[in-house]
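Read through the structure below, which is laid out as structure tokens, and then see the notes.
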There are 2 protein chains.
Amino acid sequence: MDRLPTIEDVARAAQVSRQTVSNVLNTPAIVKPATRKRVEVAIRKLAYRPHASARRLRMRKSSTIAIRLDPMTNGISGALLDRFLHALTEQADARGIRVLLFTAADPAAEIEQIRKLRAGADVDAFVLTATFHGDPRTEWLVENDVPFVTFGRPWGANDMNNPRHLWVDVDGFAGMREATVHLIDQGSSRIGFVGWPSLSGTGDDRRRGWQAAVEERLAPGDGDLAALNLSVEDRLEDARDAVMALLESDDRIDGLVCASDTLALGAMIAAASVGRSELPIIGFDNSPVGQAIGLSSVDQTLDEVAGGALELLLGETGGDLVHRDADAGDTRHRLITPHLVIRQPLRLLAPDAGSTPTATKNAVGNHKDGKESQ
Amino acid sequence: MDRLPTIEDVARAAQVSRQTVSNVLNTPAIVKPATRKRVEVAIRKLAYRPHASARRLRMRKSSTIAIRLDPMTNGISGALLDRFLHALTEQADARGIRVLLFTAADPAAEIEQIRKLRAGADVDAFVLTATFHGDPRTEWLVENDVPFVTFGRPWGANDMNNPRHLWVDVDGFAGMREATVHLIDQGSSRIGFVGWPSLSGTGDDRRRGWQAAVEERLAPGDGDLAALNLSVEDRLEDARDAVMALLESDDRIDGLVCASDTLALGAMIAAASVGRSELPIIGFDNSPVGQAIGLSSVDQTLDEVAGGALELLLGETGGDLVHRDADAGDTRHRLITPHLVIRQPLRLLAPDAGSTPTATKNAVGNHKDGKESQ
DNA sequence: ACTCAAGATTTGAACGATCAAACTTTTGAA
DNA sequence: TTCAAAAGTTTGATCGTTCAAATCTTGAGT
């Protein structure tokens with residue numbers, strides 16, 4: 001047999017009709033147990049799997065979601081999308097959903113891609129990441145009745161409660177607050193915040209978390225918060241320079257929380273440079289780089305985010321990718337609480353006294369098959 | 001019209017038959033220009049796109065390739081797969097091929113996934129990454145006649161020239177050699193190598209590049225190479241400790257090349273720790289982290305890798321995803337030459353004298369819509 | 001034994017496209 | 001003008017599945 005087995009082959013082998021085989025696969029309850037067993041045996045013997053395209057054609061749905069792969073992952077926290085993608089793919093697979101990739105240079109191109117994928121009936125629904133204020137994509141999707149969910153809140157005031165806009169997000173406020181409270185519990189009493197320069201959105205959400213913790217637990221004097229609040233672009237150098245200036249102008253600072261691991265890494269370098277390697281610093285994202293360098297960070301539990309996204313899209317049953325319109329209002333979004341990961345930081349400057357080097361000079365003779373990194 | 005337009009709708013609108021529309025789409029040359037124009041207008045008016053599943057069913061091919069998303073991206077160089085994925089998706093799109101994701105915890109699970117995807121006729125071909133010596137996956141794929149290409153050479157002696165095994169890889173030898181030569185040209189005369197402990201594979205390929213350059217240009221004495229050759233696992237701490245020990249025991253070293261950015265970063269930290277921030281260090285992978293920190297590195301041109309992979313799989317025409325058996329022998333693989341990227345390193349310790357901090361304390365009032373990083 | 005409903009299984013049609021072959025029109029040479 | 005070949009277009013069949021309706025089987029109630 002040079003072609004894949006079809007449902008007809010199975011039917012013949014089990015001495016039943018097409019439809020009975022189909023029933024065994026899709027609605028096993030309605031087929032008599034004896035028959036069912038026979039069919040199941042035939043399926044196993046032939047290693048039969050339904051032809052996905054044929055099924056999709058008949059069912060008029062693709063059981064596929066698509067997600068855009070960002071053009072370039074920004075610096076250190078970049079792997080976030082990567083990890084989300086992994087979680088999403090894994091959980092989608094468990095629900096029998098396939099994940100398709102596409103790329104686009106800008107929002108307009110992304111809309112065009114979405115249009116094409118939809119028109120070809122290739123994709124049932126879309127997952128959008130990195131939403132921003134006044135995002136044209138969500139607007140277009142709502143207008144054109146395309147099912148979607150975003151990872152990231154709709155930051156526009158009106159959109160937030162649009163029942164057509166499903167979203168999942170991480171509670172940056174809660175995360176940053178937990179990080180700050182942790183530092184306070186560890187004895188810090190003057191904690192700075194390094195965030196991004198913007199009024200709305202993710203960054204300010206996180207800033208408010210720091211602010212809330214400080215106000216509740218430390219009762220800072222007027223102006224204190226402002227003096228401890230840095231705003232820089234998400235770049236290592238910028239964070240380093242800003243933090244260095246801050247530390248030099250204020251030597252009472254005994255803790256820093258940052259809106260991203262990129263900023264935190266810059267802060268670590270700055271602290272080390274001014275001889276304050278011991279300064280506790282907490283980042284956000286729990287990036288691989290942060291892990292490698294022993295940076296404490298707020299971890300976005302991407303499994304939960306991915307699970308939430310799929311749940312919103314498909315319903316808890318894991319069932320159909322249908323358009324859900326008249327549902328209960330509060331099932332239209334999920335706010336995931338991140339959790340703090342505390343690590344022992346790698347010291348950037350002084351030799352780590354207690355460590356034993358594992359290097360071997362000239363490893364010829366060592367036959368171990370190492371990882372083949374690319 | 002509540003359903004998507006079909007080829008029949010277009011035919012009716014243009015006053016022709018199904019098949020003529022199909023011809024306009026697939027073999028425009030055989031349709032009379034006047035008719036063609038009429039059909040094209042109708043297509044545009046109805047915004048018609050062929051139903052992907054129907055087409056796939058009839059054509060008996062899915063025009064889809066699948067790639068596994070690794071469970072966890074290892075540390076600093078992790079984003080490599082991410083960047084490759086982006087390049088692959090982009091170029092596949094240009095050829096009308098779609099990229100599907102899947103996950104698997106280990107090679108056995110990956111094979112099982114591949115089996116499922118194939119049996120469902122969901123996927124025509126597979127792209128494998130991170131090949132290793134005696135990889136069971138490639139063996140299985142060859143045996144089962146599944147079209148595939150690997151990013152990474154088959155390191156087993158026999159597999160290397162198996163005509164059924166298509167592969168693309170980056171020439172680590174050439175890359176490392178170029179990096180080493182560059183340091184020599186800049187005046188270095190005693191250059192160490194930091195690599196992985198393994199005899200075969202990627203790491204040794206890169207090591208040989210360093211070795212070749214040193215032998216050609218510096219004519220080292222016997223034993224010199226061995227003394228300058230470090231082997232550690234791909235971890236920041238390990239690299240740091242090993243390099244620190246090396247630098248302390250040999251103060252004539254005036255350059256380092258490393259098999260990965262992770263190692264290079266460890267080396268940078270070590271150099272800074274022993275007061276040798278100026279020591280030129282070159283990594284491999286050109287990772288985002290390296291970029292952020294100003295690390296010079298050997299860049300794997302992933303566009304070329306992705307392009308090569310698709311070319312091998314599809315043929316240069318971009319045409320069919322057919323099984324190519326009796327082809328010319330030398331079109332069965334591609335070895336891509338990477339190129340060196342030189343950067344001005346960010347100094348880890350001392351304040352960067354010439355920089356102007358861009359921070360603004362308490363940015364309230366700044367309404368700029370920043371990136372909404374997640 | 002007879003009827004009728006519920007249960008189990010089968011058959012014909014459809015999903016939307018392409019292929020292969022049949023049919024119609026145009027072209028060009030005798 | 002005539003006719004064969006070439007060019008252009010249409011029709012019927014098919015890919016592998018599920019839906020809807022039809023048919024066959026079983027079993028309980030009278």
Side-chain angles (χ1 to χ4, degrees), chain A residues 1-40 42-43 46-63 96 118-122 124 319-320, chain B residues 1-40 42-43 46-64 96 118-122 124 319-321:
Chain A
M1 172 124 52
D2 65 338
R3 68 188 212 300
L4 293 173
T6 74
I7 202 171
E8 203 85 44
D9 298 321
V10 176
R12 208 171 307 120
Q15 316 248 47
V16 295
S17 69
R18 284 191 319 253
Q19 185 60 40
T20 300
V21 178
S22 175
N23 287 337
V24 169
L25 254 36
N26 302 310
T27 44
I30 71 163
V31 48
K32 186 151 67 168
T35 318
R36 192 193 323 165
K37 194 136 290 176
R38 218 164 22 156
V39 172
E40 278 163 352
I43 288 178
L46 298 182
Y48 165 78
R49 297 208 99 225
H51 191 288
S53 290
R55 171 176 261 168
R56 284 200 282 275
L57 171 59
R58 187 70 244 269
M59 309 254 276
R60 308 172 125 272
K61 70 173 195 188
S62 67
S63 299
R118 271 289 284 187
D122 249 341
D124 288 331
D320 293 330
Chain B
M1 171 126 52
D2 65 337
R3 69 187 211 300
L4 294 172
T6 75
I7 201 171
E8 202 86 43
D9 298 320
V10 176
R12 208 172 304 121
Q15 314 248 48
V16 293
S17 69
R18 286 189 319 249
Q19 185 60 39
T20 300
V21 178
S22 174
N23 287 338
V24 169
L25 253 38
N26 302 309
T27 46
I30 72 164
V31 169
K32 186 149 69 167
T35 319
R36 194 194 321 165
K37 193 136 292 174
R38 210 152 27 111
V39 172
E40 278 163 352
I43 288 178
L46 298 181
Y48 166 78
R49 298 208 99 226
H51 191 290
S53 290
R55 172 176 260 169
R56 284 200 281 275
L57 172 58
R58 187 70 243 270
M59 308 254 274
R60 306 170 129 277
K61 70 173 194 186
S62 67
S63 298
T64 301
R118 271 289 283 186
D122 249 340
D124 289 330
D320 293 329
L321 255 173

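Predicted model only: the values in this text are computed from it and were never measured. Chain A is the first sequence line, chain B the second, and so forth, proteins listed ahead of strands; every chain is numbered from 1. Just so you know, these numbers use all the heavy atoms, side chains as well, and skip hydrogens, waters and symmetry mates.
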**Asked** Residues two or more places apart in sequence or in another chain: which of them pass side-chain contact (heavy atoms from CB on, under 4.5 Å) with A:Arg12?
**Response** A:Glu8, A:Asp9
**Prompt:** Separation of B:Ile30 atom CD1 from C:dC19 atom P, in whole Å?
**Reply:** 10 Å
**Prompt:** Does A:Arg56 come within less than 4.0 Å of B:Asp122, counting only side-chain N to carboxylate O?
**Reply:** yes
**Asked** In terms of the nearest nucleotide of DNA chain C, which residue is placed more toward the 5' end: B:Val21 or A:Pro33?
**Response** A:Pro33
**Fill in**
Ordered by number, residues from residues 49-59 of chain B within less than 4.0 Å of DNA chain C (heavy atoms) are B:Arg49, B:Pro50, B:His51, B:Ala54, B:Arg55, B:Leu57, B:Arg58, B:Met59
**Asked** How many Å lie between CZ on A:Arg36 and P on C:dG7, as a whole number?
**Response** 15 Å
**Request:** Report the distance from atom NZ of A:Lys61 to atom OG of B:Ser53, rounding to the nearest 0.5 Å.
**Result:** 12.5 Å
**Prompt:** What nucleic acid atoms does A:Thr6 come within less than 4.0 Å of, heavy atoms only: base, sugar-phosphate, or nothing?
**Reply:** sugar-phosphate
**Rounded interatomic separation in angstrom, taking CD from B:Glu8 and P from C:dA14** = 12 Å
**Prompt:** Just how far is it from atom CD1 of B:Ile7 to atom CZ of B:Arg49, taken to the nearest 0.5 Å?
**Reply:** 13.5 Å
**Prompt:** To the nearest angstrom, how far is B:Arg18 atom CZ from C:dC19 atom C1'?
**Reply:** 11 Å
**Prompt:** Just the endpoints, please: which first and last nucleotides of DNA chain D, 5' to 3', lie under 4.0 Å from a heavy atom of chain B?
**Reply:** D:dG8 to D:dG16
**Message:** Measuring only between side-chain heavy atoms, which start at C-beta, is A:Val31 closer than 4.5 Å to A:Val16?
**Reply:** no
**Item:** Rounded distance (nearest 0.5 Å) linking atom OG1 of B:Thr35 with atom CD1 of B:Ile30
**Value:** 11.0 Å
**Item:** Annotated protein contacts, base or backbone, on nucleotides 21-27 of chain C with a non-hydrogen cut-off under 4.0 Å, one of B, S, - each
**Value:** -------
**B:Gln15: side-chain contact (heavy atoms from CB on, under 4.5 Å) partners, not counting sequence neighbours** = B:Arg38
**Item:** C:dT10 OP1/OP2 closer than 4.0 Å to side-chain N/O of A:Thr20
**Value:** yes
**Request:** Output the distance between atom CZ (A:Arg18) and atom OG1 (A:Thr20), rounded to the nearest 0.5 Å.
**Result:** 10.0 Å
**Validation row: B:Val24, B:Val10 side chains within 4.5 angstrom (heavy atoms)** = no
**Request:** Provide the closest heavy-atom pair for A:Ala54 versus B:Leu57 in the form atom of the first, atom of the second, distance.
**Result:** CB-CD1, 3.8 Å
**Prompt:** Who passes side-chain hydrogen bond (donor to acceptor under 3.5 Å, both in side chains) against B:Ser22, sequence neighbours left out?
**Reply:** B:Asn26
**Integer-rounded Å distance: C:dA8 C1' and A:Asn26 CG** = 17 Å
**Prompt:** Does A:Asn23 place a side-chain N or O at less than 4.0 Å from the phosphate oxygens OP1/OP2 of C:dA8?
**Reply:** no
